[in-house]
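Notes to accompany the following structure.
Heavy atoms only: backbone and side chains are in, while hydrogens, waters and symmetry mates are out. Convention: sequence-line order gives letters A, B, ...; per-chain numbering from 1.
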Amino acid sequence: MTLSADQRMHLAEFAKVMIPGGADMPSAEDLMLWRDPIDEVLAIDPSRLEPMVRFLDLPGNIATLADVEALAQTDRAGFEALGIVLANAYFMHPQTRAAIGYPGQEARDSSGGLTPDDEALLKPVIARGPIYRSP
Amino acid sequence: MTGTSLTAHSDVVIVGAGPSGAVAAGELIAAGISVTVLEQGDWVPADAFDGATPHWELTQLRKWHPNPNVRGRAEDYPIDTSHSDVNPLMFAGVGGAALIYGAHWMRFMPSDFRVKTLDGIADDWPFTYEDLEPFYAYVEEAMAVSGRDGNTAYPDGAPCPLPPLPIGKVGRKAAAGMNKLGWHWWPGSNAIPSRPYRSLQPCVLRSTCGTGCSDEAKATPDRTHWPQAIHQGVNLVTGARVCEIETDSPGRASGVVWIDGKGERHRHKADVVILCANGIGTPRLLLMSGLANRSGLVGRRLMMHPFAAVMGTFDDDLESWVGPAGQILTSMQFYETDKSRGFVRGAKWNCMPAGGPQSFRAGYGDGPLTDAWGTTLHERVRRKFGRSFEWGIVGEDLPDEVNRIALSDTQTDSSGLPAAEVHYTVSDNTRAMLDFHTARAVEAMEAAGAIETSVTSLIRDCGWHLMGTAVMGNDPETSVTNTEGRCHDVENLYIFDGSLFPTSSGMNPTATIMAVAAKCVLALIENRATVGTAA
Ligand SMILES: Cc1cc2nc3c(=O)[nH]c(=O)nc-3n(C[C@H](O)[C@H](O)[C@H](O)COP(=O)(O)OP(=O)(O)OC[C@H]3O[C@@H](n4cnc5c(N)ncnc54)[C@H](O)[C@@H]3O)c2cc1C
Ligand code: SF4
């Protein structure tokens, strides 16, 4: 199953309304989210395609979030699939990550342990003494 | 699947290759006892996990989801949760649910073993914290536990074999808030090495422990136990779903029957059968076999630790996607009973990083479905991402016989065996406890300088900890096994997992599951000559 041209056009309408851009973050349109980014998500999790397509096939024009809400109420599972696909396409995109300063779940050195400042924070806890209840 | 003949024999057969099965197999083989382990799941190599990929947040919603019903893999069995307030969570594989556990490493507190004596409710354990202490220390050595010694919540400070992981900006922020209030906190203890340790790499703080560690760091039995056990001679068979414990004379098990991925049945004979299939898998197998249930308690007294959380958002950049996750801090400030609060027992808190940007996409509550979209999406992510962390609250769940596992009449697993059906209601005591604790956690967030807090009063997908469904005790009329995990009704059938627990504590249970498994298996080895076997 793949997206037809009509379904992809409809998806673009949803994407533009749901991810308009703002707060120094790109819009769905800036990223052309309904093209490669969506395909990338669906390749990783194809199980989202069927419910999303079902949702995209619902009749209706999408110009505002209220339009999306009305359709979402008729097929919550379909809307959820659409949301997962759009959100992941958006937040996996390098431009979005750069905009919010997210390097991904990166690797860092863990060997530093507690700093002297951390140990200082712990002092009052130690000073208060044991808190367990003896049985 | 490593092969086994159609009818095979070993001294002992163990069902389940998670932490409890790993402890049991390791000790038995070291004592010269032949062991076969049957595990319905498979090996999962580190590079199968997605933590280091950009699509980590996507696959945790399906492929690496902790709920077997959502994952829907052939090796999982479905669980009918339509009669339950909480979804049980687990993973089928070599390493069991530890493959996706948070590695929060907590010993139970001394009072946890004396609930009846101290608070007049539930039951005391048949042994004490002091009795279990050497077994804790023993399994902590194997599980590369990192933490800071001297925790004032424990009589002996709960020493750890490895130094603590960093607490980072999140930990310092949370700790400062707790200090303002004069409340207990302590750097988190985790089964995650802060240094290269035996076969484990040092943690790289990737913070994806709950969906598997792609860096070979988190201590899971497929790294800490199974390679050595197999090297010593344990026969670990994967893709092997046990469907029945067989008996061939009254009161004696003769072995098990298991089904492979192609649906073929195999018989494995053994002198001793040990169940390590967790608080749901173990009673499911006992119920399917119609065994060990004179007390009527098989499957009953299920405890799952209802969980609540408070998220705080701050002005500062806390890099709050950085791990470990893992727990950064813990608090036992409100762990012990104070009846003036309107409930008994208490809860442990763990401070956790908030994760990637999608943690903030959705709103809270029952607002419009589109609440998470439009300009709100951008504003919310900008305001919260990297600037938020969570106090998670693990509430002690008290045993109640109405909370139980049954066999489903309507659903089956991929081998055609009945699915588990869970009947579970969150008690009034637990609800009052979580309300009290979330209110305190909001105060802790505000003291730390939070500009915004949000409370999730009960998370449905929180059945991480499965306990109590084959309780141990001295009386065969009120318990399923004796105090060493040996079934009262079937003298060579043993249970070594969390099913044994008389009460649940408010702690993550794996430390205690492994310590109890070590205690029980060493007793079995010591008493081996007196263990009756099938004729
Ligand atoms: C998402 C998540 C996070 C968690 N985080 C923490 C944490 O931070 N700290 C903590 O202490 N605990 C945590 N836990 C709980 C922890 O994982 C368990 O306590 C621990 O794994 C229990 O060990 P076990 O060996 O008794 O059971 P499991 O690990 O559940 O292993 C049982 C094994 O038995 C197998 N099995 C079951 N039935 C059959 C059958 N019929 N035939 C063959 N094989 C069978 C299963 O496939 C499984 O591999 C978490 C759990 C989850 C799911
Ligand atoms: S925080 Fe450490 S243990 Fe956890 S997944 Fe990352 S590297 Fe592995």
Side-chain angles (χ1 to χ4, degrees), chain A residues 17-25 40-41 44-45 47-48 64-66 68-69 72-73 76 79-80 83-88 90-94 96-97 100-115 117-119 121-122 124-126 128-135, chain B residues 51-52 54-59 61-62 109-111 113-114 117-118 128 148 150 152-155 163-167 172 175-176 179 182 184-187 194-195 202-208 215 321-322 332 336 356-358 361 368-370 372-375 377-379 381-382 385-386:
Chain A
V17 172
M18 290 166 71
I19 308 179
D24 290 330
M25 294 166 68
E40 199 184 324
V41 168
I44 296 164
D45 186 354
S47 74
R48 308 293 172 186
T64 65
L65 266 188
V68 180
E69 180 70 30
Q73 292 296 345
R76 285 170 167 246
F79 177 66
E80 190 194 322
I84 286 171
V85 171
L86 280 178
N88 279 283
Y90 185 64
F91 286 109
M92 280 163 54
H93 200 288
T96 312
R97 290 179 169 224
I100 60 174
Y102 178 48
Q105 298 307 118
E106 60 179 342
R108 294 197 175 184
D109 178 21
S110 73
S111 66
L114 298 181
T115 64
D117 283 353
D118 302 338
E119 288 290 351
L121 276 169
L122 208 46
V125 183
I126 296 168
R128 282 194 299 274
I131 61 157
Y132 62 89
R133 184 176 173 208
S134 288
Chain B
H55 52 260
W56 163 67
E57 287 191 290
L58 173 62
T59 55
L61 299 175
R62 175 84 72 209
M109 300 267 279
S111 70
F113 298 87
R114 287 287 173 269
T117 303
L118 290 171
T128 64
R148 190 194 186 283
T152 54
Y154 290 90
L165 293 161
I167 64 170
R172 280 189 279 281
N179 279 358
H184 173 266
W185 63 275
W186 203 256
S194 51
R195 304 271 181 282
C203 174
V204 295
L205 306 179
R206 208 183 283 284
S207 200
T208 61
D215 296 277
W321 61 87
V322 177
M332 259 73 86
E336 304 289 5
Q358 294 205 53
R361 184 170 64 82
L369 294 175
T370 46
W373 297 100
T375 48
L377 166 75
H378 302 295
E379 282 159 12
V381 169
R382 176 64 69 197
F385 171 67

> Under 4.5 Å between any side-chain heavy atoms of W321(B) and P103(A), yes or no?
Replying inline: yes
> Are R48(A) and R62(B) close enough, and set up right, to give a side-chain contact (heavy atoms from CB on, under 4.5 Å), and what steps lead you there?
Replying inline: CA-CA 10 Å; R48(A) 308 293 172 186; R62(B) 175 84 72 209; 3.3 Å; yes
> Which region of F385(B), side chain (C-beta onward) or backbone (N, CA, C, O), has a non-hydrogen atom less than 4.5 Å from a non-hydrogen atom of chain A, or is it both or neither?
Replying inline: side chain
>> Can you tell me which portion of M332(B) sits under 4.5 Å from chain A's heavy atoms? Options are side chain, backbone, both or neither.
In response: both
> With respect to chain B, which residue among I126(A), T96(A), V125(A) yields the maximal number of heavy-atom pairs within a distance under 4.5 Å?
Replying inline: V125(A)
> When only pairs under 4.5 Å are counted, which of P130(A), P124(A), A107(A) shares the most heavy-atom pairs with chain B?
Replying inline: A107(A)
> So, does E336(B) use its side chain to make a donor-acceptor pair with the main chain of Y132(A) at under 3.5 Å?
Replying inline: no
>> If I measure from the heavy atoms of chain B, does Q73(A) come under 4.5 Å with its side chain, its backbone, both, or neither?
In response: both
> What part of Y102(A) gets closer than 4.5 Å to chain B, counting heavy atoms only: side chain, backbone, both or neither?
Replying inline: both
> Between T152(B) and R128(A), do the side chains contain an N or O donor and an N or O acceptor separated by less than 3.5 Å?
Replying inline: no
> Relative to chain B, which segment of D118(A) carries a heavy atom at a distance below 4.5 Å: side chain, backbone, both, or neither?
Replying inline: both
> Is chain B contacted by the side chain of V85(A), its backbone, both, or neither, given a heavy-atom distance below 4.5 Å?
Replying inline: neither
>> For T208(B), which atoms come within 4.5 Å of any heavy atom of chain A: side chain, backbone, both, or neither?
In response: side chain
> Which heavy atom of R195(B) sits nearest a heavy atom of S111(A), and at what distance?
Replying inline: NH1-O, 3.4 Å
> What are the two closest heavy atoms between T375(B) and P20(A), and how far apart are they?
Replying inline: N-CG, 3.7 Å
> What part of W56(B) lies closer than 4.5 angstrom to a heavy atom of chain A: side chain, backbone, both or neither?
Replying inline: side chain
>> So for T115(A), is it side chain, backbone, both, or neither that comes closer than 4.5 Å to the heavy atoms of chain B?
In response: side chain
> Rounded to the nearest 0.5 Å, what separation is found between the CD atom of E106(A) and the OG atom of S207(B)?
Replying inline: 11.0 Å
> Considering only heavy atoms, which portion of S111(B) lies under 4.5 Å from any heavy atom of chain A: side chain, backbone, both, or neither?
Replying inline: both
>> Working to the nearest 0.5 angstrom, can you tell me the gap between N179(B) CG and L122(A) CG?
In response: 8.0 Å
>> Under 4.5 Å from any heavy atom of chain A, what part of P164(B) do you find: side chain, backbone, both or neither?
In response: both
> Hey, is the main chain of A23(A) close enough, under 3.5 Å, to the side chain of R382(B) for a donor-acceptor pair?
Replying inline: yes
> Which atoms form the tightest heavy-atom contact between P357(B) and I100(A), and what is the distance?
Replying inline: CB-CD1, 3.8 Å
>> With side-chain contact (heavy atoms from CB on, under 4.5 Å) as the criterion, how do D24(A) and H378(B) come out once you've worked through the C-alpha distance, each side chain's angles and the decisive distance to 0.1 Å?
In response: CA-CA 8 Å; D24(A) 290 330; H378(B) 302 295; over 6 Å; no
> Which one, T59(B), T128(B), L61(B), leads in non-hydrogen pairs under 4.5 Å with chain A?
Replying inline: L61(B)
>> As an exercise: rank I167(B), T117(B), L369(B), L205(B) by heavy-atom pairs under 4.5 Å with chain A and give me the winner.
In response: L369(B)
>> Between C203(B), P155(B), G182(B), P202(B), who has the most heavy-atom pairs with chain A when the cutoff is under 4.5 Å?
In response: P155(B)
> Passes side-chain contact (heavy atoms from CB on, under 4.5 Å), V68(A) versus W373(B)? Steps please.
Replying inline: CA-CA 10 Å; V68(A) 180; W373(B) 297 100; over 6 Å; no
>> Could you tell me if the side chain of P187(B) sits less than 4.5 Å from the side chain of L114(A), heavy atoms only?
In response: yes
> Where does R172(B) contact chain A at under 4.5 Å (heavy atoms): side chain, backbone, both or neither?
Replying inline: both
> Say you draw a straight line from OG1 of T370(B) to CE of M18(A); how long is it, rounded to the nearest 0.5 Å?
Replying inline: 8.0 Å
>> Counting C-beta onward and ignoring hydrogens, is there a side-chain heavy-atom pair between P166(B) and R108(A) closer than 4.5 Å?
In response: no
>> Taking every non-hydrogen pair under 4.5 Å, which of G51(B), A52(B), A153(B) racks up the most with chain A?
In response: A153(B)
> Passes side-chain contact (heavy atoms from CB on, under 4.5 Å), M109(B) versus R133(A)? Steps please.
Replying inline: CA-CA 8 Å; M109(B) 300 267 279; R133(A) 184 176 173 208; over 6 Å; no
>> Using 0.5 Å steps for rounding, measure from the CG atom of D215(B) to the CD atom of Q105(A).
In response: 11.0 Å
> For L377(B), is it the side chain, the backbone, both or neither that has a heavy atom under 4.5 Å from a heavy atom of chain A?
Replying inline: side chain
> Would you say the side chains of N88(A) and E57(B) form a donor-acceptor pair under 3.5 Å?
Replying inline: no
